[in-house]
Amino acid sequence: MQATVCSRPALRLPAREALRRPLAARPLTRRAGPVCLAAQRGAVELLLDKVPGEGEVLSAKLNPDVRQRAERAIKARGGRVTVGDVASTAGLRLDEAEGALRALAADSQATLQVASDGEIVWVFPPGFESTIAGKSWRLRAEPALKAAKAGLEYLVRVAFGTALIASVCAVYIGIAAIASGGNDRDNRRQGGGYYGGPRVFFDLTDLLWYWDPFYYRNRRQRMLEQQEDQGGMNFLEAIFSFVFGDGDPNEDFDRKRWQAIGRYIQSRGGTVVAEELAPFLDLKPTADRGSRVTVDESYMLPVLARFNGRPEVDDAGQILYVFPDLQQTATAARRPSPPAPAAMEQRWQLTAASSGQQLGAIALGALNLVGVVALTFMLQNPVNQLALARNGLLGLVGFMPFLQAYAAAFFALPLFRSLRNAARNADIDQRNSTRQDALRLLASPDPLLRQKLSAAQAAARQNVITNRDVIYRSDRPLAAQPADLEADSFEARLRARERERQQAAGGAPPATAAPQQQQRGQQQPDSRAGEDDAPLWWRQQQDEQRRRSRQ
């Protein structure tokens, strides 16, 4: 039985045979722990397990919304991102962002960069979305399916409005047929002879003129000609909107809210207090509007769970919320002002149709309702049904239940929605009012909040991983990688500790200190002094930079 002996924490370079395999899709442990000699597997080697089979496209297995949001976040960040960058920009959970990055990187042949502290940077080539889409017919068919879905939704909306017009026409044609049948009977009783009553013929194809095959082109033209048209919808769409509404106005509220929260946390150095995020969250209303808004910090739990944060207590007893993964970034983010009222929910409305379209829909619905009620009473007489049969409209009798349900639902559904929207809007107004109070408190903080904000600002940190911090790149051959990374890193740490001891004793640091141990982001002197004692990877990087500058 082989004994298990654990060594000191170290970031190990993968074996030569492992680097010849393609990039895999397994999560990476960012902070290196004890490494056991029985299974000496470095951080980079963890990414080389479970290699996807040939022809397998991992991106096609992702949730389409997650994949598209991750792709947009990568493009917005310039193609060089960390997991925290994608999570904060797209508003995704950290596990969703990491899974999307692994799949997209494996399918687009992205470059993996590893920093000296084990942090991972993913570098995607330009046009990586097209490269991924070219590997899967499902991804190539997504735009066509999306367009077909939008077209089908439009057809449903227009068909509902067309059905109202067809119902009105059918009902009043039936009434006219019954009335004409009664006039014929009166003429025969008066001895005038039968000359044949007026035949009623109704062709449903007459309604096809309502269907505009060039709808989208003509609609753009109408919107240009009629700038005052608020909804930009035609009358048939307005009928559907009046009955069923226009959907949830806050459908994208959660997505936008989490994006705003993630960006704000990262811009604040990954450390915030609860009051800073209060304008984004669902807070309990306060009884006294004039007093300080009491933020129930249990509402921070969803934020901690999504972005892998943790609460910490400083020396003054203030509760701070730290998000280590959002402190790692590949690009420096500009710190914004306090959050704007972008987390305000929109009120539900009955319809987005214009007032004229609403009046037209109500008038047409009322006309249909009156006609259906009148025709229902008429058809209780068998003679009237015979009159419809003589005019070829006997099928109208079988359609009466559907016409009656349509006429009743045309006004019942808007009435039900208006009552439901009133209750929804009351809750929305209450939540928005509480968020406004929290926003005002953040704009004019009291002494206690100023103290908490100062503590959060002091604890904030942002680790920008530049190319100078990279110690491993997956796009370079094995010969260009450091030969003995662990030894070089160990020697560099020894020199850093010696330099710290001399600084503590009042001495000056040696001139040959390794550049990789200096603070990240600090400019290095452009000289060869001390390079002989620097690690091999640093000397190779400096030679490559000088060669490019000469070119």
Side-chain angles (χ1 to χ4, degrees), residues 84-85 87-92 250 252-327 329 332-347 425-462:
D85 290 336
S88 61
T89 303
L92 298 172
N250 302 302
D252 294 336
F253 175 76
D254 279 337
R255 177 180 62 83
K256 294 179 180 179
R257 169 164 66 173
W258 287 118
Q259 287 178 348
I261 291 175
R263 291 171 181 172
Y264 183 82
I265 294 175
Q266 190 175 52
S267 66
R268 302 296 291 177
T271 304
V272 296
V273 296
E275 286 83 353
E276 290 185 87
L277 302 184
F280 299 103
L281 304 177
D282 298 332
L283 309 176
K284 293 181 180 180
T286 55
D288 186 4
R289 295 293 182 185
S291 62
R292 184 179 186 274
V293 176
T294 302
V295 179
D296 186 350
E297 298 194 0
S298 64
Y299 288 103
M300 288 293 295
L301 294 177
V303 184
L304 298 177
R306 177 172 287 262
F307 297 117
N308 194 24
R310 65 174 184 268
E312 293 184 357
V313 181
D314 64 357
D315 297 336
Q318 306 290 349
I319 300 178
L320 309 178
Y321 296 93
V322 182
F323 300 85
D325 293 278
L326 301 189
Q327 293 175 338
T329 179
R334 180 179 61 87
R335 294 196 174 190
S337 57
M344 300 300 164
E345 299 177 65
Q346 298 183 14
R347 291 170 57 89
N425 291 335
D427 295 337
I428 289 175
D429 292 341
Q430 190 178 62
R431 290 193 296 267
N432 287 343
S433 177
T434 307
R435 295 188 187 111
Q436 288 283 7
D437 292 340
L439 189 63
R440 283 192 291 268
L441 174 63
L442 189 60
S444 302
D446 55 16
L448 178 60
L449 181 55
R450 281 197 295 268
Q451 183 180 359
K452 295 181 66 175
L453 294 174
S454 300
Q457 185 176 5
R461 59 181 294 267
Q462 188 178 66

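Just the heavy atoms: all of them, side chains too, but no hydrogens, waters or symmetry mates, feed the values below.
- Proximity of M344 to I428: side-chain heavy atoms (C-beta onward) are nowhere separated by under 4.5 Å.
- By the side-chain contact (heavy atoms from CB on, under 4.5 Å) test, A456 pairs with T271, V273, E276, L320, sequence neighbours left out.
- Across all non-hydrogen atoms, the minimal contact from L304 to P311 is CD1-CD, 4.2 Å.
- Under a 4.0 Å N-O distance rule, the pair D446/K452 does not qualify as a salt bridge.
- A 4.5 Å side-chain heavy-atom check between I261 and L281 finds at least one atom pair inside the cut-off.
- Side-chain contact check for R347 versus D429: some heavy-atom pair is nearer than 4.5 Å.
- Side-chain contact check for I265 versus L277: some heavy-atom pair is nearer than 4.5 Å.
- Side chains of Y321 and E297: a donor on one and an acceptor on the other come within 3.5 Å.
- The salt bridge (Lys or Arg N to Asp or Glu O under 4.0 Å) test applied to D314 returns no partner, not counting sequence neighbours.
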Q) Hey, mind stepping through E275 and L453 against side chain to side chain contact (heavy atoms under 4.5 Å, CB included) and telling me if it holds? A) CA-CA 9 Å; E275 286 83 353; L453 294 174; 6.0 Å; no
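- Using a 4.5 Å heavy-atom cutoff, the side chains of D282 and R257 are in contact.
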Q: Step by step, work out the side chain to side chain contact (heavy atoms under 4.5 Å, CB included) result for Q462 and T329.
A: CA-CA 7 Å; Q462 188 178 66; T329 179; 3.7 Å; yes
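- Within the 4.5 Å cutoff, side-chain heavy atoms of Y299 are placed close to those of L283.
- What you find for R435 and A278 is that their closest heavy atoms are CG-O, 4.4 Å.
- Residues Q259 and T89 come closest through the heavy atom pair CG-O, 3.5 Å.
- A search for side-chain contact (heavy atoms from CB on, under 4.5 Å) contacts involving A458 returns nothing, not counting sequence neighbours.
- Across G270 and Q327, no two heavy atoms sit closer than the pair CA-CG, 3.7 Å.
- The minimum heavy-atom distance linking S88 with Q266 is given by the pair OG-OE1, 2.9 Å.
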Q: Could you walk me through whether Q346 and N432 pass the side chain to side chain contact (heavy atoms under 4.5 Å, CB included) test, one step at a time?
A: CA-CA 9 Å; Q346 298 183 14; N432 287 343; over 6 Å; no
Q) Taking it one step at a time, do W258 and F280 satisfy side chain to side chain contact (heavy atoms under 4.5 Å, CB included)? A) CA-CA 8 Å; W258 287 118; F280 299 103; over 6 Å; no
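- Going from atom CD of Q451 over to atom CG of L449 covers 10.0 Å, rounded to the nearest 0.5 Å.
- Within the 4.5 Å cutoff, side-chain heavy atoms of P324 are placed close to those of R310.
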